[in-house]
Amino acid sequence: MSAFPKDFLWGAATAAYQVEGAHDADGKGPSIWDTFSHLPGTTYQGTNGDVAVDHYHRFREDVALMAEMGMQSYRFSISWPRLLPQGRGTVNEAGVKFYSDLIDALLEHNIEPMITLYHWDLPQALQDEGGWEARSTAEAFEEYARLCYQRYGDRVKLWSTFNETVCFIGFGYITGGHPPGVKNPARALQACHHVFVAHAKAVAAFRTSGINGKIGFVNVLQTHTPLSQSAEDLAAYQLAEGIFTHWLYDPVLKGEYPAQLLAQAQAVWGVPQFAAGDEQLLRDNICDFIGLNYYKRETIAANHHESHLTMNTSGEKGKGHQQGNEFGFKDLFKFVRNPTGVYTDWDWEIYPQGLTEGIMNIKARYGDIPMYITENGLGAKDPIINGEVVDDDRIDYLRQHIGAIEDAIKQGADVRGYYPWSFIDLLSWLNGFQKQYGFVYVDHNKGLARQRKKSFFWYQKLIGSNGAER
Ligand code: BG6
């Protein structure tokens, strides 16, 4: 017997841009990722989502594999420009039908859909009008959310508005590694505020939609530890906690920004600027649940060097934490290699206890909020032995993290589901196809043929025993 409740949902996750392909099929409009990934030098070896793993045309085969693995829920995202090619206004009925058919196929197999409304693929048309820096994008998002509720709300109970603000705002507006490729913290903070406004508006619309379901927000759960107990490392650690956790969780779980950081940001940059009614809007529209994406812990140290904002996107171990060149912000903090840490080839620390700690920290700060682990997984170059994908490292990683979730449940956390990243090997935004996460391998040399990995059969057993057999 495991400690997982009987109705715990065992699932897996993907995102539209990373699996669908069909980037201009059947009336879909371009997204900012379609544009960005076609610019030279933006992604690993120029990879893009034009075809991805062609889930758009093969979703029935993929859903059959999900069912065979025993998945009870599937977290996927909707491509906004597939439904609304201009971001608002005219509806592309062929796009609406694609997700409608996908939802029906899932339900036929008793797989509960969990929809993410925004997993980074903003319609290019809205970017051309200012993207998240323009408040009108928040209004367009509400229109898009209402469309999704109308068309899918009769069948879908679990919804989240946004995936990982820290990534699409942080990389989009601070490091410049994601579209729109801006490097300006003040612009980042205002864009981020509009995301919170968009979220709150979509939650408000959900609550009057009559849908018998729940709506949440998905954030990166980044556990931090200070490199040392020195006063300056501790201060750097507190700052990282404030930015990566409190700034990004408080507005959706408490309905307000952390007061001290807000005052500091407004004093230094004059942002975020609030429109009349924003404070009330945030307060009135707190999430029903929080989705947590956990991959790694970061070890934090004070940083006196120039800011360095690039990361390991090649999978050559050690590229990520070269001394003196670590990812970090001058005079604030940097991410350093933990001397006792175990790292992946992309220099992500494997630290399962961090998941227990992170869940318990969320519970301590926000009370009894229901949680779903909406992503967790190992990015690796999987070995193929005699034609079989033997992803033992992934099995180990997942086994340990499932244990960490069970520990949190035993300590009283209300965790309701687990969605490993990812159901199938897919396109990593900046790391191409070589960084694999899936239970299902896709052979790019054999017309994107699907193949079950060793982890597929392992997860199948685990689900069958509600987490006991692992
Ligand atoms: C999360 C995203 O940040 O991490 C996913 O929600 C992403 O879309 C995943 O693929 C893994 O990141 P990466 O960079 O290894 O693909």
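Numbers for residues simply follow the sequence, beginning at 1. Order of listing sets the numbers, starting from 1, for every ligand and every atom in it.
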Discussion item. Using a 4.0 Å heavy-atom cut-off, which part of N163 comes near ligand 1: side chain, backbone, both, or neither?
Written reply: side chain
Worksheet item: Between F8 and Y418, is the ring centre distance below 6.0 Å?
Response: no
Worksheet item: Which residue from Y437, Y44, W429 reaches closest to atom 7 (C) of ligand 1 through any of its heavy atoms?
Response: W429
Worksheet item: Between A13, S428, S422, which one has a non-hydrogen atom sitting closest to atom 13 (P) of ligand 1?
Response: S428
Discussion item. Starting from atom 9 (C) of ligand 1, what is the nearest protein heavy atom, named by residue and atom, and what distance separates them?
Written reply: Y295 OH, 3.4 Å
Worksheet item: Could an N or O of ligand 1 be found under 3.5 Å from any N or O of W348, whether backbone or side chain?
Response: no
Worksheet entry | Options Q18, E164, K435, ranked by nearest heavy atom to atom 8 (O) of ligand 1, top entry | Q18
Worksheet item: Within 45 degrees of the axis of the six-membered ring of F289 and under 6.0 Å from its centre: does R416 put its NZ or CZ there?
Response: no
Worksheet item: Taking the six-membered ring of Y56 as reference, does the NZ or CZ atom of R82 fall below 6.0 Å from its centre and within a 45° cone about the axis?
Response: yes
Practice prompt. Report yes if the distance between the aromatic ring centroids of Y152 and W159 is under 6.0 Å, otherwise no.
Written response: no
Worksheet item: Between D121 and K28, is there a side-chain N and carboxylate O pair less than 4.0 Å apart?
Response: no
Discussion item. Please determine whether any non-hydrogen atom of W346 lies less than 4.0 Å from an atom of ligand 1.
Written reply: no
Discussion item. Suppose we measure from atom 1 (C) of ligand 1 to each protein heavy atom; which comes out shortest, and what is that distance?
Written reply: E375 OE1, 3.1 Å
Worksheet item: Do the charged groups of K435 and D345 touch, with an N to O distance under 4.0 Å?
Response: no
Worksheet entry | ligand 1 contacted by N431 (non-hydrogen, < 4.0 Å) | yes
